[in-house]
Amino acid sequence: MPFTFQFGGSNAFGGGFNPEGFQGPNPNPRPRKPRKPRRAMGNAFSRTLVNLLVTLVFGLAYFYLELPALNLHAEEFYVFIFLLCAVYCVCAMFTSGFQSDGGVKSYFHFVRKQCTIPFLAVAALIIILALGALASWVVLRAGSYSKLLPIQSGDLTAELEEIRYDQIPMLDADSAAQLGTRKLGELADMVSQFEILPTYTQINYQGRPVRVTSLRYGDLIKWFTNRGDGLPAYLIIDMVSQEAEVVRLQEGMKYTVAEHFGRNLYRHLRFHYPTMMFDEPVFEIDEEGTPYWVCSRIVRTIGLFGGVDVKGAVLVNAVTGKSEYYEQVPNWVDRVYSYDIIMQQYDFYGMYHNGFLNSIFGQRDVTVTTDGWNYIAKDDDVYMYTGVTSVTSDQSNIGFILSNQRTKETKFYPCAGATERSAQVSAQSRVQQMSYEATFPLLLNIAGQPTYFMSLKGQDGLVKMYAMVNVQQYQIVETGQTLAECENNYRQALAHAGLIAAGEQKPAAGETQELEGIVAEIRSAVIGGDTHYYVRLEDSLGYLDFNTAEVPLAVLLNVRDHIRCTFVLEGAEFPAHGIVPATGFEYVDWDN
């Protein structure tokens with residue numbers, strides 16, 4: 001076959017040799033057959049019915065799985081409606097036999113003609129979204145954002161009383177979780193089937209600061225085999241004694257965040273309260289030990305999407321699933337407002353109480369919360385506290401806020417001093433040879449001095465020592481093997497620095513001490529031929545031991561007597577649940 005030689009051609013070979021007669025791609029391709037048009041399904045009524053049915057099935061499935069709140073203030077509601085409209089339109093394209101011959105414009109024309117109601121619904125929602133977002137814009141509503149958290153001023157040392165040893169939490173969340181895991185590991189009948197829910201809630205339970213959490217199923221197979229009886233127990237971690245307790249239930253918990261299908265707590269809430277928005281549920285127990293889920297109701301108070309706040313809560317019995325909404329929650333509930341809502345609302349106040357422009361230019365009196373928080377037990381409620389610092393500097397605090405997690409009552413306490421992180425570094429440097437890690441500080445009043453208290457944890461995550469750092473003079477740092485030893489060392493350091501008088505130091509172990517109070521309980525026992533009266537005073541968990549051979553007048557004691565007694569501690573700390581030998585007592589004149 002003859003060949004022709006070509007240069008620079010633009011054929012399929014890019015130039016060069018080309019077989020004679022070869023012309024590249026076929027210049028006259030065989031025409032394609034026209035696409036066969038899809039036929040419409042039935043009449044207009046039947047097509048609309050099919051479209052609605054498919055959309056309804058999709059909507060029910062999506063609602064069951066994603067659980068959007070049917071509320072104009074919830075962003076997920078708009079996503080839900082947009083998806084329903086999209087599903088209806090796509091279904092209408094198939095049932096009507098629609099074929100595009102004009103690109104995107106033809107699709108738009110079809111939707112406008114055949115899906116008028118979904119089209120109008122989407123347009124209306126877009127307008128509502130735009131107007132709602134504009135009405136929530138902080139630039140326009142800075143004054144409203146700054147008023148979300150009403151704040152009062154307070155005196156830290158006057159209002160924050162010195163708390164007893166049995167009220168000071170020694171553990172942080174990580175240490176509590178380790179104790180809980182070890183405790184569950186001791187129970188052979190549970191450890192193979194259940195795990196511990198990692199979300200521990202700090203509450204006051206029977207006058208003690210504790211953390212509580214629920215169990216959860218080990219996996220889906222273990223859920224199938226155990227779901228009939230429910231979760232058999234929950235855990236209580238005593239934050240003072242550092243003891244973990246597994247509380248077994250007569251009837252298991254069947255409504256938790258670890259359940260599936262209708263007993264899943266999120267689904268249970270949504271089906272009973274379809275329009276409410278909720279914060280993350282927290283596990284609590286009432287004073288009788290009944291487990292509940294506290295589900296705070298979220299509301300948006302500025303425009304459609306701004307000003308997140310809480311308005312009451314739904315309490316769900318974890319055993320029976322019975323639920324009830326309370327705008328004013330019962331007093332035993334400790335946590336309605338989460339720490340992040342309170343801190344966010346304070347940040348709005350600190351940033352915008354002098355206007356939005358001031359938060360950017362000038363920044364006069366602009367403050368923000370520090371990057372941590374902790375909890376204080378006060379008046380049978382749990383208060384969240386965090387430091388406040390100037391937006392222009394994070395090296396020192398200008399004060400603290402204490403906020404009641406049940407009522408959101410918040411006070412600002414001016415107190416210039418070190419940040420919590422600086423205090424942690426100071427405490428760790430004091431025992432740097434031990435490589436201990438300091439927990440996030442707890443704010444205490446020690447001898448009228450604002451004081452950071454921290455536990456020092458070892459590599460195993462357990463508490464080894466304690467540290468106290470003066471807030472205003474954070475070079476004053478003391479540690480101790482026990483809380484009492486730490487406090488005594490700290491008081492001596494305060495006295496040495498001239499911050500307190502020497503007489504304000506607590507007596508050391510072996511010294512005679514006094515305690516005054518009203519007799520709340522008397523018990524007796526005969527030991528070694530002598531009668532002993534064990535007396536507990538009000539607001540005390542420990543007992544004073546009066547040996548009648550040494551204190552014969554103890555036989556005259558009655559409940560409600562007001563007495564002043566003397567005793568000697570073997571250690572430096574009055575035991576929370578122990579017995580201390582008493583050396584004598586005297587009656588106190590009620591009129592005095």
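What you see is a predicted model, and the numbers here were worked out from it, not measured in a lab.
In summary, the side chains of Gln202 and Tyr200 do not present any donor paired with an acceptor at a separation below 3.5 Å, with no hydrogens or angles considered. A side-chain N or O of Thr386 and one of Thr370 form a donor-acceptor pair less than 3.5 Å apart.
Contact annotation: the side chain of Glu245 never approaches that of Val210 to less than 4.5 Å [non-hydrogen atoms, C-beta and beyond]. Taking the side chain as every heavy atom from C-beta outward, Ser296 and Tyr337 never approach each other to under 4.5 Å.
Listed here is the closest heavy atom pair of Gly132 and Ser136: O-OG, 2.8 Å. Considering every non-hydrogen atom in both Tyr234 and Gly289, the closest pair reads OH-O, 2.6 Å. Nearest heavy-atom pair, Arg364 versus Asn358, reported as atom, atom and distance to 0.1 Å: O-ND2, 2.9 Å. Across every non-hydrogen atom of Tyr466 and Leu483, the tightest pair is CD1-N, 3.6 Å. Between Thr369 and Tyr346, the closest heavy-atom pair is CG2-CD2, 3.6 Å.
Geometric assessment of Lys378 against the ring of Tyr383 yields a positive cation-pi assignment under the 6.0 Å and 45° thresholds.
Partner of Asp309 under the side chain to side chain donor-acceptor pair (under 3.5 Å) criterion, chosen from Arg300, Lys408, Arg297: Lys408. With respect to Asp334, the side chain to side chain contact (heavy atoms under 4.5 Å, CB included) criterion is satisfied by exactly one of Gln405, Arg406, Glu284: Glu284. Paired with Asp238 under the rule salt bridge (Lys or Arg N to Asp or Glu O under 4.0 Å), one option of Arg211, Lys183, Arg208 passes, and it is Arg208.
Checked against the 6.0 Å centroid criterion, the rings of Tyr385 and Trp373 do not qualify as a close aromatic pair. Proximity of the aromatic rings of Trp293 and Phe278 is defined here by a centroid distance below 6.0 angstrom, and this criterion is not met.
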Fill in: Residues Lys464, Glu437; criterion salt bridge (Lys or Arg N to Asp or Glu O under 4.0 Å); working and verdict
CA-CA 10 Å; Lys464 306 298 184 182; Glu437 179 184 356; over 6 Å; no

Item to complete: Report the C-alpha distance between His73 and Val299 in whole Å, list the side-chain angles of each, state the deciding distance to 0.1 Å, and finish with yes or no for side-chain contact (heavy atoms from CB on, under 4.5 Å).
Response: CA-CA 8 Å; His73 293 277; Val299 293; over 6 Å; no

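Counting heavy-atom neighbours within 6.0 Å of Trp332 CH2, excluding the residue itself, gives a total above 12. Within a 6.0 Å sphere centred on OH of Tyr474, other residues, nucleotides and ligands contribute 12 heavy atoms or fewer. Atom CD of Gln328 has 12 or fewer neighbouring heavy atoms from other residues, nucleotides or ligands inside a 6.0 Å radius.
Glu478 has no carboxylate O lying under 4.0 Å from a charged side-chain N of Arg491, or vice versa, which leaves the two without a salt bridge.
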